[in-house]
Each structure stands twice: as C-alpha cells, then as structure tokens.
Amino acid sequence: MSYLIKATSVVEEAQGAPRPLLEINHLSKSFTGVQALNGVSLQVQSGEIRALLGENGAGKSTLIKVLTGVYPRDSGEIVLDGRLMSASDSGHAQRLGISTVYQEVNLIPTMSVMENLTLQHQEKTFGLISWKKAEIRARELLAQVGLDIDPLRQLDTYSIAIQQLVAIARALSTQAKMLILDEPTASLDSDEIQQLFALMRRLKAEGLGIIFVTHFLDQVYSITDSITVLRNGECVGTFQTAELTRSELVSHMVGKSLEDLTPTAHDHSIQRERADLLQLNNVGKQRYLQPLDLRIAAGEIVGVAGLLGSGRTELCELAYGSVKADQGDVTLGKHSLTKSSLRRAIQVGMGYCPEDRKQDGIVAELSVRENMILALQASRGWWSPISMAEQQHLVEDMIQRLAIKTSDMDKPIGELSGGNQQKVILARWLITHPALLILDEPTRGIDIGAHHEIIHIIKELCEQGMGLLVASSELEELVLFAHRVVVMKDHQKIAELHGEDVSEQAILRQIAS
Amino acid sequence: MINERNLPILATLLVFILLYGYGVYEYKGFRDTLVFSNLLTDNAFLIITAIGMTFVILSGGIDLSVGSMIAFVGVLMAYLISTAGIHPLFAIAIALLVGVAFGTLMGIIIAFFEIQAFIVTLAGMFLFRGLAYLINLDAVPISHPFITGLSDVYLPLPGRGGLTFIAMAMLVLLIIGILIARRTRFGMSVYALGGDSHSAALLGVPVKKTVIKIYALSGFYSAMSGVIFAIYTGSAYPLAAVGVELDAIAAVVIGGTLLTGGVGYVFGTFLGGMIQGIIQTLITFDGSLNSWWTKLAVGGLLLFFILLQKGIVMWVKKRSAA
Ligand SMILES: Nc1ncnc2c1ncn2[C@@H]1O[C@H](COP(=O)(O)OP(=O)(O)OP(=O)(O)O)[C@@H](O)[C@H]1O
Ligand SMILES: [Mg+2]
C-alpha cells in the first residue's frame, strides 16, 4: 500500500508537482492573549488522507474553524482547487466544497435524525420539502455509516456514539471536495471505526481530500497517507506516514520521547484480604442491566470492558446511583446506599465522572477554577466555602500535572480546547479524593502526554486507598492499570478476569465468545 | 405516530376536545356549527398573531411588539383610507409592507447587534403604540364600501354557522404558516436555531439571515392581524389590542411549543388560540361567571402545559441515558 502511494507520487513529481486540492499559506489566528495559530502552512492533494495531530490546545480545531469561516483569520491565505477561498461561515464553506464534522457532536438534539441529516439539502416537490424523499435519503446516508436506526426519532434519544455516526453521515450529504473530521472516533468502537475507515478509503478513491484529527496513533498508522503536526499553534512539519516512526511522531508532537511516556509494567495482583469498599449484590434494572455482583476493595482498580452498548455506562450509572436499580443492594463501606439519594452517596464518598461531559459536566460560563472546584465544594457543603488560597493551590497543581493549556485559571472554560476541557472535568473529580471514584471513558479526547499523567495520578490515588471503577473502550490502557477487569456483553456481566489473566487478548476472547 | 415530540400537541388536542365536548354536553346551543364558526372569526386576529409568534418562539426568541403593531396598522389603515383617500386594497398592502419593514428592522438589530429580542421588541412595543397615537388620538371608524364588502363575504356551513372572510383568511394564513414551518428550508432553520443555535451555525444554517426573516415574518403576521382586526371591528383605535402579545404567547405555549425553542407546531398554536376562545365562550354560556374567569382558566392551562413539557423533557433525558 505505502509502496503504491510512493510510486504514484514519484510519477506525479515527474510530471511536475500537481496542483494541490487545498493549500493553506501562513495562516495565523489569535484570541485575546493566545496565539492559537502562527503562520501555519500545509497542502493536501486530492485522494489524500491527512492526519492533523498535536497535543490538546495545539490549534487543530482552530485551524479547521478558520478554514471553514467559523472564526475570521488574522492573516494568511487559503486556496481550494486553485481558487482563493474565504468562507464567511460554515454553510458557505460547505457550498464551496468543504464538509466538516466538528469536534463535539454538533447536531440539533431536538430535531429528528432525518431532519438533522437533511438540514443542509432537502429534496423538494413543487418547492416544498418532501419528507418521503428525505426519509429515503436519510436511510441511504445512515446505511453508508452502517447505522440501521429509525430516522424519525429525535436525535437526543440516541447514544453519543450513534450521534457521532449521524454527524459523519450528515457530512457526506453534500457534494464535497474536502472532508474534515475533527476527532470523529472519540466515542466509537473498533467495528464502527473499521466501518468509518472503509468509508474514508472509498471517498479517497473518489478523489476527496480528507483531514483527520485524532489522538489514537494506531488509527493514524492504519488509515492516513501523511501527517501534519502542530505544536503551540505552529506547524512542526508534514511527513509521509510510512516514513515516520511512532517515536519520531510522538517527539514531534510533545517534544519528549516515547520512552518517557510509556508507563512501567503493571502488577495486576493486589492483596485480596483487604476489606470490600463497594459491594453490588445482584444489582440490576429491567431493560437496562441484567443483575450482577461486583466487589471493589480499597486501593483496587476495576476496569469495565465491552463493546459499545454492552452495558459499560449502565453499570457505572447504577453503581453511582444516578440511575436507580430496581433490584439488589449497593453498599459503600459501612453505608447501604440502596435506598438513599444521590446526595447521600456523594456525602459518603462516591464520585463519578460521566461519559458525556459536554452535557453533564461543563458549565461554559464559569472559569476553569470554578469548574474544577465544583464537586469538591458540593461534597464539603456550600456553607463551608473553600478559601481562595486553597482553591488556587489545588487548581494550580492540577493545571501543572495534567498540562492543562490555559493562559490563567480564571479563563472561561468554554475558551479552552476540547481536550483541555475534558482534563478540567477529570481534575474536578480527582481533587475530591472520593472513597470510590467511577470514571467513564476518562481519557477520551486527551493527548498521549496527558494520558500517561492521568494513569499516574489514578494509581497514586489508589495507593492512598481509593477504590476505582473505570469503564473504557481502550483495552490497551485498561490492562495497564486495572487489577481486575469485568467484561460486559449485551447488558450482562459475562466474565471477570483477575491477576495474570488480565490481558487484551483475554478480554477480546471473552467479548468474541 | 406518538413520540416525545408530539406528546404536547396531542395533549393540546385532548384539552380542546374535552372542552368542546363539555360545551356540547352541557349547552344545547353549543351543538350548532355557529359556535364553531364564531370561534374561528372571533379569535382570528389572535391566532394570526400567534402563528407569527410561533416562529419566533420556536427559534428561541420572543416578540412583544405584536399587540402594538395591530393597533398601529389599524390606525394607519384608517388614516390612509379615510384621510388620504387611498383604496383599501392599497392601504392594506402599505400596512403589510410597513409591518414587514419594522419586523425586519427589529430582526436586523437582534441579529447584528446581538441584543436580546426581549429588549428590542419591547422597544418596538412602545414605539408602535406611540406611532399609533401620533397618527390619531381617538377611535375612528373605517368605512369604505370595499371593507363592508369584505365583511359580507360568507360561506354558509350546514347548521346556522358559516365561514366569514376573516375566518377564511385566518385558515389560509394558518395553512401557509404550517407549510413554511414544516416544508421549507427556512422552517427547518428556525427549528435548528431553537434547538441549539451554536450547532446550527456549525451545521451551516445562516443564523443571522434566519433571525431577520423570523422577525420579518412575525411583523407580517401581526400586521395581517391588524388588518383583520380593523375589518373585524370596522374601526381603528390606538389603544386597541393591549396585551395581545401575551395572549399570543399563551396560545403558542398552550399549543405545545416549548418556550425554550426547538419543539412545537403551528397547528398546535391554532388549537391553543381556539382553546382560549372556547373557554371564553363557555364562560359566556354559563352566564353567572365574570369574564375574568377566562384569564384564570388560561393561566391554569399555561402552567399545566409548562409543567407537562418539563416532564417530557426530563423523561426524554432519562430514556436517552438508558
Ligand atoms: N473561542 C476561543 N476563545 C479563546 N481562546 C480559544 C478559543 N478557541 C480556542 N482557543 C484557544 O486556542 C488554542 C487552540 O485550541 P484548539 O481548540 O484549536 O486546540 P486543539 O488542537 O483542537 O486541541 P484538542 O486536542 O484539545 O481538541 C487553545 O489554547 C485554546 O485555549
Ligand atoms: Mg480540538
């Protein structure tokens, strides 16, 4: 494959350099106090899949939004298909031939899937929208991303993963020359990712240029032709994927070597004689989760693995109590939580960082500091305010450790990059020091440098006696820190792996069985 | 199909049927088509205003200027016809143009200066009322053969009832409103804007253009309502239609449209307006109750619908978590 690409590029060079499909020259953009892009240049050929990589806050999303006219640029030039381009807004960019899936799922939650898919382009009869034709079109688009769902249902009744696929399907609804995908795979499973890749290969064969943003290096190596790396708003360089090793890539991205970032081998054993901290006895809920047992000791990390929709999130919700089980008992330490309120659960030491942080976590108007201190303040009670000095100390520490990129802690969180917002929400729960912490997809959208540090903090907290339940679709990561892994399938617990049995292969075998 | 989105409008339909059914059961007179056709005629101007308001509320905005617009358009028409001697057809055209122009202007201010719709249309509300006084201080009759001719247009129905010109105009405007909302790109943009304006912009909805068109449309519908009101009463009065903006908002909400935007139907608004009319008629039929009871009943219904919607939103959230 890589050989072929090289061969064609040699041919092209022989004919003189082909005109690139997209050419970005010296693009700059600053927000108050932040130079988000500084003279970035890159070129994408038609039929090329380009990875756009960089740490959280490197400027990837900003580059995309300047390209599509969501933000005005300070200086620089964009040439699409030989023509100078200056999109006034996202719709204009679409008409000029750039179709984009932005970082957060940006669809209209209150509209049906069909209406979302056909918002840009509607089939009409006698000048009026024909919903019959729209439904057929919607089903076609959904089939392209391998979805078989009812397009007439309201979008927000579906899970984030499905919403993400719908967003991708929508981007295919217009005739585009360029397709831009900003972290489209963040909440997808391996099957869906394969489906997406097949689709990308087809579009590539049709001559589209594709820009693909992700934090998963495996995906970079399996689908892209070339890589552009951004760091602190500057372009580090553009490389052929086949010619760049992983460690070179990582050092370009973070300025550190890969070895520094590889966590040390993990000891899966833990003294089991420690007392149980969390006990779930036959906890379940009809049409939600089959009854199951689960025990977590103090200092123990239990991973939850399984495919999308297998019941990972459901298990987290029931354990935490945000969804009430209709059978079974939940006990944390000496406290029975079966019938108690969520407030009580938090008081006796439960913490939960949910999967959908856009909906459940971020208060966009509040500052980074206020967002981070929220849960701690709630657990201490609003009548005993945390002193400003203590707040600053805690927040400063987390900003340092998680490398949260922000000019200062009083900046509104909405102005941070997507990944940095995630870090703040995660930090919110890490500083509460709960007795038991439940994390659903803790590293989604977070760059590799910070991954390492998060795992480190998690382990440290557990050494201090915290129990941890982590649901994650990244098995590679799960086996790095979990003492035990619960495997879910079809809303049931199908296996529990201990000690030496905890490995990626073993988990995959269970899921496949 | 029953799903979470059309639950409120089904509830509205149910309330409508229950109230009407109660009337039919309790009062003999209610069984005649006359009651229904009177409802259509008497509430036409309110429903027309409320249709325009539906678009505004669907997009997440509000338009407080509509009541004053009705009065202003009436007084303007009276002036054009009686004093300036212009043919009523032209006077109506001018009145509608002025309505659209003022709506557009408010839309431009809201879209480009990013000032809250509440403030801008509140200013509009005072402005139009003031302009009405500027033209005329007192009530004046609008008498012209053409206008009386319009009042004579009548399509008899079985029974004693029949469709007046006013009722027919309202029904035509209703159908147009429904088509604009559900069958045009502009309509879809309105829903998108109310659902999530940030995402709508990223999805390529022309946000500013849509906002301007929404207030222009509301200007058109409220000016149209002013024309209908003038024909209905045969006179113009600068103090007419005080508080109609609130009745219109009530009709929209009782009709099942979410006050926060994004969810609702124009047809629901029609039902919402009719429900207010039925309550009034029931109280008239009863005879012993003061007409202020209408306000009480409307207030109660309003509260009920807001709670119902909140409940549904919470239910959908819960279900999507599952
Ligand atoms: N609307 C905004 N207002 C102010 N600053 C912003 C805004 N959007 C982005 N920034 C800043 O610009 C920089 C680049 O952000 P950007 O979102 O492009 O990062 P990114 O590479 O997409 O990161 P991630 O991987 O986390 O998505 C960050 O420092 C961010 O704080
Ligand atoms: Mg980003």
Side-chain angles (χ1 to χ4, degrees), chain A residues 65 68 70 88-95 99-112 115-116 118-122 124-131 134 150 152-160 163 167 170-171 174 285 287-289 313-314 317 322-323 354 356 359-360 364, chain B residues 1-8 57-60 111 175-176 178-210 256-265 309 312-322:
Chain A
K65 286 186 177 168
T68 59
V70 177
S88 57
D89 58 45
S90 191
H92 188 202
Q94 237 165 69
R95 288 191 294 280
S99 195
T100 313
V101 178
Y102 294 94
Q103 185 164 7
E104 305 291 335
V105 179
N106 281 295
L107 294 171
I108 311 298
T110 51
M111 294 175 93
S112 71
E115 287 162 351
N116 268 290
T118 55
L119 195 57
Q120 251 332 90
H121 180 80
Q122 296 110 346
K124 306 231 170 109
T125 30
F126 304 118
L128 294 173
I129 298 174
S130 157
W131 288 118
D150 179 5
L152 299 180
R153 267 182 60 193
Q154 193 165 313
L155 183 89
D156 64 0
T157 58
Y158 290 108
S159 70
I160 323 173
Q163 293 185 27
R170 195 205 66 88
T174 48
K285 185 177 165 66
R287 285 195 302 271
Y288 191 71
L289 194 71
T313 298
E314 286 80 353
E317 299 268 353
S322 47
V323 173
D356 186 358
Q359 252 205 355
D360 299 323
Chain B
M1 199 182 78
I2 297 184
N3 71 18
E4 52 285 329
R5 271 199 307 171
N6 39 35
L7 218 61
I57 293 183
L58 273 178
S59 75
I175 291 168
I176 293 174
I178 290 174
L179 290 179
I180 293 177
R182 302 299 307 171
R183 304 290 294 273
T184 67
R185 184 188 183 121
F186 164 73
M188 285 301 107
S189 298
V190 173
Y191 279 94
L193 220 59
D196 181 343
S197 62
H198 175 74
S199 293
L202 291 180
L203 288 175
V205 171
V207 175
K208 290 192 160 67
K209 228 160 68 188
T210 307
T257 298
L258 212 59
L259 252 182
T260 46
V263 181
Y265 295 97
Q309 287 166 354
I312 291 170
V313 168
M314 270 153 56
W315 178 64
V316 169
K317 267 216 183 109
K318 233 187 178 158
R319 228 182 60 175
S320 63

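A, B, ... follow the sequence lines: proteins, then strands. Residue 1 opens every chain.
- Here M188(B) contributes atom CE and N116(A) contributes atom CG; the two are 10.5 Å apart, rounded to the nearest 0.5 Å.
- By the side chain to side chain contact (heavy atoms under 4.5 Å, CB included) test, S88(A) pairs with H92(A), sequence neighbours left out.
- Contacts of R185(B) classified as salt bridge (Lys or Arg N to Asp or Glu O under 4.0 Å), with partners at least two apart in sequence or in another chain: none.
- Expressed to the nearest 0.5 Å, how far CG of L193(B) lies from CZ of F186(B) amounts to 9.5 Å.
- In this structure, the portions of Q120(A) lying under 4.5 Å from any heavy atom of chain B include both its backbone and its side chain.
- A cation-pi geometry, defined here as NZ or CZ lying under 6.0 Å from the six-membered ring centre and within 45° of its normal, does not hold between R182(B) and Y265(B).
- Taking A200(B), G195(B), P206(B), S189(B) one by one and counting their heavy-atom pairs under 4.5 Å with chain A, the maximum is reached by G195(B).
- If you measure heavy-atom distances from A201(B) to chain A, the contacts under 4.5 Å come from the backbone alone.
- Neither the backbone nor the side chain of T118(A) comes within less than 4.5 Å of any heavy atom in chain B.
- With a 4.5 Å cut-off on side-chain heavy atoms, L203(B) and Y102(A) do not count as touching.
- The contact between V205(B) and chain A is made by backbone and side chain atoms together, counting heavy-atom distances below 4.5 Å.
- Note on Q94(A), R170(A), K285(A): by heavy-atom pairs under 4.5 Å with chain B, the leading option is R170(A).
- Here L107(A) is the residue among L107(A), L155(A), V70(A) with the most heavy-atom pairs under 4.5 Å with chain B.
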